[in-house]
Structure formats: structure tokens, C-alpha cells
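Working notes, beginning with the structure itself.
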Number of protein chains: 2
Amino acid sequence: MSKRSYNQYCGVARAMDVLGERWTLLIVRELLTGPKRFKDLLEGLPGIGTNLLTARLKDLEGYGVVRRVTLPPPAASRVYELTELGRSLEPVIMGLARWGLKFLGASREEDDRQPAWAMVALKSVLKSEAKGETRESYEFRVDDEVFHVWIADGETEVRQGSAADPDLVVRSDTQTFLAVAAGRIEPTEAVASGAIGTEGDREARERCMKMLGAR
Amino acid sequence: MSKRSYNQYCGVARAMDVLGERWTLLIVRELLTGPKRFKDLLEGLPGIGTNLLTARLKDLEGYGVVRRVTLPPPAASRVYELTELGRSLEPVIMGLARWGLKFLGASREEDDRQPAWAMVALKSVLKSEAKGETRESYEFRVDDEVFHVWIADGETEVRQGSAADPDLVVRSDTQTFLAVAAGRIEPTEAVASGAIGTEGDREARERCMKMLGAR
DNA sequence: CGGAATCCTCTTCGATACTG
DNA sequence: CAGTATCGAAGAGGATTCCG
């Protein structure tokens, strides 16, 4: 039962011992947008197979990357969530997301699409220099999924669900959203063409578009 | 011959399509410290096997991550080197190196050890904000491995071997070095306790400790 | 030396079916 | 729902061989 290891006294190799198997990093990506049930993970990872998912979650739990918790009543469902150690992988995942965008140019027919992935892409491309003193939140409604971005003290959080009192609401379909995140469409153009609709403060909109890469 | 893909329209998934197979990211790590011959790679990746290495290099070349070049005479040897796209993976690798440090606490008997990997670890923990106008070099002697850091124009280079005229020489054992790198020990404390010894300019020492994460 | 090709064994993956 | 069991297919690992 001894797990396969690269057996190298090196941080990269150890990281790959933990994360290097097929699907593992994608599971972490899924959990980055909040705790998920087994079934949610299955749906977010088309093709994984239940046995693999079980095995990966068990491994990640063993490494202290993932934790299994039971939500308080009345939900009472069991979910998987990232530990502190797991959340500290966020910069790595975002780096991979940004790097992978270079291969995302051509959308392929066989590709699955999910709003949550767009949020990861979104976060990975948010321009930090635009954050500054900003302290506000934007709600994104991409097709029928809702997320929000919360900016405060130079930190950016992207979470599932709607914002309490958003300074801006952004509506879009998944296609447009991904295209903007991938840098293939200018956010301002998408707004101008109506592919992206916004409600809220005009200045908030401009700051938001700037963070999305608007020139 | 259709390559296996996650088929997700997501940057992370595409990145894993390219980099996610066994050994691939470690090959990139190896090439991060300079071009390497096939044999050098084999030695830096104990256990990989010639067929796998060939296949991975071919894939990476196909993706434009790696390039095959023939060195000018008299060397005239064929080497593999990272393309611009490949070098842009450095932040990701460094992120993984930093994360993997947390699993490196216990050195295992069966682990391979190579100076180049320690260099990667060092580079991954150097704090960039401390660089500023600094223009100097530090030599590190970790157990019997020697490498040096050269800082100039806000850039940091880590190289094998000793420095020509180092402003500072830092001595330490591997355990201490890793503990400092992983943030488990304050560099200044390690100096105070004698676990890290330094020779050279006092101000250089302070700058160096700052880059190692001293508060 | 720098690979490519072949063969064989073992492990892992992927898909489906089945159970608490 | 949340997994376990199972089984054929694909990939990994190691050795060896061949070639330029």
C-alpha cells in the first residue's frame, strides 16, 4: 500500500507526491470556491469516476489538505472543504490558471463549461494594482450561477452566492464571461455590446472593468 | 494517438493537460536551472526511464514549452532548454516549491538529494520586496553544498558554486536551512542561536536575513 | 554519447454496476 | 446521496537492444 513517491528531497517533488496524481489539482480547484458535497465534486469533474474521487479525497484528507465536515442542521450534509494548508495552494492554482489561459484560445466543441471555472479564471487575472484603496463588492450572475468578489485591504475574495449589498451587479452568459476572463474580449466592449449587463454605481463599474483588464 | 485531456474549458485544466502527467513538472524544474542534455535530465530524475523522458520531452516540445538546441562548437552537444513559455512557469514551480517545503520537514532515508534542488528551494523563499537597490552577492554553504545568490537591478539569480567575492557567507545545516525557508524558524533567531553562522558585512547580513523572511 | 524501439509486468484509470 | 466493488483499457517502470 506504500504510495508511489518521487523520493526526492525537494519541495517541488514533495508537492507533486501530494498533488501530482490525475485529478488531484482539479479537486483543489473545485474546493477553492467553497465546500462541496461528493456529488457536487462529481459534477464539477466530468469523467472522474466515483472510485477515483473517493481515493483522491482520502489521500488529500490524509495529507491535511482537505477536511470532511458535517454542516450544522438543518443542512446536515457532509461536505469537503480545504484546510488552511489547502487554501494556501491558491497562489499555485491561480498561477496555473493564468498560464493555462495561453492554451485556452480555441474553445473546443468537446469541452465542458462551468461558471465556477470562469470565477477561477477571473480571480487569476484580476489586476492587483487596481485594487488600491478600493473597498467594495461585485456580484456576478453568470447564466444561473451567482458569485461575488469582495475587495478590501488589497485582498480579493471570490465566493459562491450573492453579495450582501453589492456595489455592482454584473450579468453575463458563460461564453462571454470566459472570453473576457481569457482576454479575448475587452470588458468595455462586452458592456457596450450588451453581452455584459451591469447594475449599480458607475464608478464601481469602471473600477470593476479595470480589474478585469480593461485598458 | 489522441492525447488524454480533461476537456474542460478552464485554464487550470488546460495547464494540467500539458503539465499534469507524471514527471513533467519535474522536468521543467530541472530545466529551470539551465539547459540540460538528455543524460543530465536522466540523472536529475532518478527512476524516470529513457522511454518516458523521451516521450515527455517530445510532448513538451510539441506544446512549445521546451526547445531542442545544438550548442555551438566546440561543445556541439544537443541540449533541451525552456522556451519563453516554459520559463514563464517559474512562478508556478516556485509556488509549488514553497508549498512543498511544508512536507519536507522529515528527511527520509530513501530520498535523493541534489544541490540544484536546494537552489530552487532557496530561490522560492527569497522575498522580492527586500531587493530594492541592493547589488550584492551571498554565498550559502548548506552542509557540503555551496551555492550563491546574486542580486542586481531587482533581479535575483541563484547559481551553483561559490561566489567570486561574496558580501556575505552563510553557513548552516540542511535542517536549519529548510526550517528557515519553510518559515518555521526566524532567520534572526537561527543566527542568534548559532544554527546559522555568517561571515561578512553586517548590513549585508541584515539585508540577507530580510530576504529570508526576517521581520 | 544520445536517444529510439521493444517487451513484459505492474499499477492506475475509467466506466459501470451495485450497496449502505 | 455517498460511496464500494469490479473489470477491461491505458499508462508507468525497468531492462534490454539497436542505431547514428
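The analysis underlying the following values was restricted to heavy atoms, covering all of them including side chains, and did not include hydrogens, waters or symmetry mates. Per chain, numbering begins at 1; letters A, B, ... match sequence-line order.
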Euclidean distance, atom [atom1] of residue [X] to atom [atom2] of [N] [Å, nearest integer]:
{"X": "B:Ile48", "N": "C:dA4", "atom1": "CD1", "atom2": "P", "result": "13 Å"}
{"X": "A:Leu42", "N": "C:dA15", "atom1": "CG", "atom2": "P", "result": "12 Å"}
{"X": "A:Leu41", "N": "D:dG3", "atom1": "CG", "atom2": "P", "result": "10 Å"}
{"X": "B:Phe38", "N": "C:dC1", "atom1": "CZ", "atom2": "P", "result": "13 Å"}
{"X": "B:Glu21", "N": "C:dC13", "atom1": "CD", "atom2": "P", "result": "12 Å"}
{"X": "A:Asp59", "N": "C:dC13", "atom1": "CG", "atom2": "C1'", "result": "14 Å"}
{"X": "B:Leu57", "N": "C:dA4", "atom1": "CG", "atom2": "P", "result": "8 Å"}
{"X": "A:Ile27", "N": "D:dG3", "atom1": "CD1", "atom2": "P", "result": "12 Å"}

Here's one to test your reading of the geometry: is the NZ or CZ of B:Arg68 within 45 degrees of the ring axis of B:Phe38 and under 6.0 Å from its centre?
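No - B:Arg68 does not lie over the ring of B:Phe38 by the 6.0 Å and 45° rule.
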Side chains of B:Val142 and B:Asp173: closer than 4.5 Å at any heavy-atom pair?
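Heavy-atom side-chain distance check fails, nothing below 4.5 Å.
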Run the salt-bridge test on B:Glu61 and B:Lys58 with the 4.0 Å N-O cut-off and return the result as yes or no.
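Salt bridge flag = no for B:Lys58 with B:Glu61.
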Within the structure, does a side-chain N or O atom of [X] lie under 4.0 Å from either OP1 or OP2 of [N]?
{"X": "A:Arg22", "N": "D:dA10", "result": "no"}
{"X": "B:Trp23", "N": "D:dG13", "result": "yes"}
{"X": "A:Tyr80", "N": "D:dG3", "result": "yes"}
{"X": "A:Lys58", "N": "D:dT4", "result": "yes"}
{"X": "A:Arg56", "N": "C:dC13", "result": "yes"}

Heavy atoms from C-beta onward define the side chain here; which of D:dT4, C:dC13, D:dA12 lies closest to that of B:Arg4?
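The answer is C:dC13.
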Counting side-chain heavy atoms from CB outward, which of D:dC1, D:dA12, C:dC13 is closest to A:Lys39?
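The answer is D:dC1, which lies nearest to the side chain.
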I'd like to know if A:Thr50 reaches the base of D:dT4 with its side chain such that a donor and an acceptor end up less than 3.5 angstrom apart.
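Such a pair is found, so the answer is yes.
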Can you check whether any acceptor in the base of D:dG14 is under 3.5 Å from a donor in the side chain of B:Asn51, or vice versa?
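Such a pair is found, so the answer is yes.
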Residues A:Trp117 and A:Glu30: side-chain donor-acceptor under 3.5 angstrom
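Checked: A:Trp117/A:Glu30 side chains pair up, N/O donor to acceptor below 3.5 Å.
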Starting at the 5' end of DNA chain D and moving along, which residue's nearest nucleotide shows up first, A:Arg37 or B:Leu52?
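Residue closer to the 5' terminus by nearest nucleotide: A:Arg37.
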Does B:Tyr6 reach the main-chain N or O of A:Leu45 with its side chain, forming a donor-acceptor pair under 3.5 Å?
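It does not hold such a pair.
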